[in-house]
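Every chain is numbered from 1 and lettered A, B, ... according to where its sequence line falls, protein lines coming before strand lines. The structure presented is a predicted model; accordingly, all values stated were derived computationally and were not measured.
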Number of protein chains: 2
Amino acid sequence: MVARTNSRTVDRKAAKADAGPALSREAVIDRALDVADREGLAAVSIRRIAQDFDVTPMALYWHVKNKDELLAAMGDRVIDAVDVPDLPGPGGLGRLRPLLQRLVGMLARHPGSTELVQYRILQCPRGQLLAEQALTVLAEAGFDQQRRAELARAALQSAVMLVVGAPGAEVSVPEPDRQALRESKRAALAALPADRFPQLVQCAGAMFECDDPEAYYADGIDLFLAGVATLAGRLGTS
Amino acid sequence: MVARTNSRTVDRKAAKADAGPALSREAVIDRALDVADREGLAAVSIRRIAQDFDVTPMALYWHVKNKDELLAAMGDRVIDAVDVPDLPGPGGLGRLRPLLQRLVGMLARHPGSTELVQYRILQCPRGQLLAEQALTVLAEAGFDQQRRAELARAALQSAVMLVVGAPGAEVSVPEPDRQALRESKRAALAALPADRFPQLVQCAGAMFECDDPEAYYADGIDLFLAGVATLAGRLGTS
DNA sequence: ACCTGAACACCGTTCAAGT
DNA sequence: ACCTGAACACCGTTCAAGT
């Protein structure tokens, strides 16, 4: 309370304390993830993040090579936060389910950065583990190398798709207008001529809202697993 | 060849002829689609397109409300170019296949703009027709309203996913470096410890290259249809 | 109706310089 | 090691003005 040696320095430090933790690579990535989830990925800029830390834009370049590398690091961070359990011994295609559930669960916690995951998942440790396990399950189900790779990719992409394409997502739009945008889209469908578009008119509501995300994700995973199971069943016959 | 009234005007027109067709909303959208497909969506900017037309950036604002509207129009253009056939009378889930084939086929011709389609498909006529038909088929297969909507969305999104997520896609990266980037990704997987990542090492090649896109798309559509068929089969039993 | 000029508030990034 | 200042080449967009 008393020993202020230099008011200027103290003020600076106080301001920084208000603005959050000290600048560091980790802190920058964390902040970027936060901004992406709350305001959309488009809101993430070097200058904006710098401002949040009360620092010059060029200061970030010490901790991060450039914006592309920051985006990649954001994707990596999300993937590496997935808790991938050990693959249970021998077993069926059902072993894919927990993998997808955990991946989707984590992505849903970072909708703003989910699209980044798509390009990074095979380049970072946790994603590689995930892919290795999926490939193993698919191999044991009898899929050849080509099919195995295709289906493993499809699995990871389905997870990404479920989250970015969820009925209420539209992560690019900041929260405030999101509801309104959704409603206007719904109204446009509901206003279609009912004789030519009976289904769309009837399903207008269900197309844009998702009152139970958990059920939606579970259904999406079911759909993927059902497809893989059916393809596996055809392996002998064709 | 003779009656030049004003050399300045003639030169201007000649220069414009070199730069392409006259400025118009249609021409702007066409040009933007072209740039997106060749250099990635990030290369599409108001100023860049204006430059291609040898015109001031502000000139574009006469033909297009703003950049967002331009992007939306690009998506609409791609969707409305899909040739949607009439839905054949009563029949099974197999009727979804031609719908998906035509959609995927068109998207594959515009990989740079495919991600735009995701947000516009339910707002433009051809996309609405596509959705209506998909919903009809799903309804006739016995899916309730909620499931119908989910699966129709999944169908459209799977098409988008197949194209943007195709092994060699990476549409954001301009052609030149694309091959190199793919190769470096492959090498990274191939260099993994073979005892912990046997599958990934083995499938490294198949994960990043796609020597037969047609087969890849067909497999993706098969996977989706197999999933839907299986879910339909479960409808009575659960 | 259609386009330009000037201006504003944003970007990412480099490079030399400070501490 | 870590940060700043100045500068550059880009963005989207508005507004008044030209033809």
Rounded to the nearest angstrom, tell me the gap between atom [atom1] in [X] and atom [atom2] in [N].
X	N	atom1	atom2	answer
Ile49(B)	dT13(D)	CD1	P	14 Å
Gln51(A)	dG12(C)	CD	C1'	15 Å
Lys65(B)	dT14(D)	NZ	C1'	13 Å

Taking the nucleotide of DNA chain D with the closest heavy atom to each, which residue, Arg47(A) or Pro57(B), is nearer the 5' end? Arg47(A)
Can you give me every donor-acceptor pair (side chain of residues 214-221 of chain A, partner residue at least two apart or in another chain, under 3.5 Å) with its distance?
none

What nucleotide among [options] has an atom nearest to a side-chain atom of [X]?
X	options	result
Met58(A)	dG5(D), dT4(C), dG12(D)	dG5(D)
Asn66(B)	dT13(D), dT4(D), dT13(C)	dT13(D)
Val55(B)	dC3(D), dG12(D), dC3(C)	dC3(C)
Lys67(B)	dC3(D), dA1(C), dG12(D)	dG12(D)
Trp62(B)	dT4(C), dA7(D), dA1(C)	dA1(C)
Arg48(B)	dA6(C), dC11(D), dG12(C)	dC11(D)

Dot-bracket for DNA chain D, please, read 5' to 3', with Watson-Crick or G-U wobble pairs under 3.5 Å on both distances, ( ) within the strand, [ ] crossing, | other strand, . unpaired. ||.|||||...|||||.||
Do Gln179(B) and Arg182(B) have side-chain atoms, one donor and one acceptor, less than 3.5 Å apart? yes
Can you tell me if [X] touches the phosphate of [N], counting only side-chain N or O atoms and a distance under 4.0 Å to OP1 or OP2?
X	N	answer
His63(B)	dC3(C)	yes
Thr56(B)	dC3(C)	no
Tyr61(A)	dT13(C)	yes

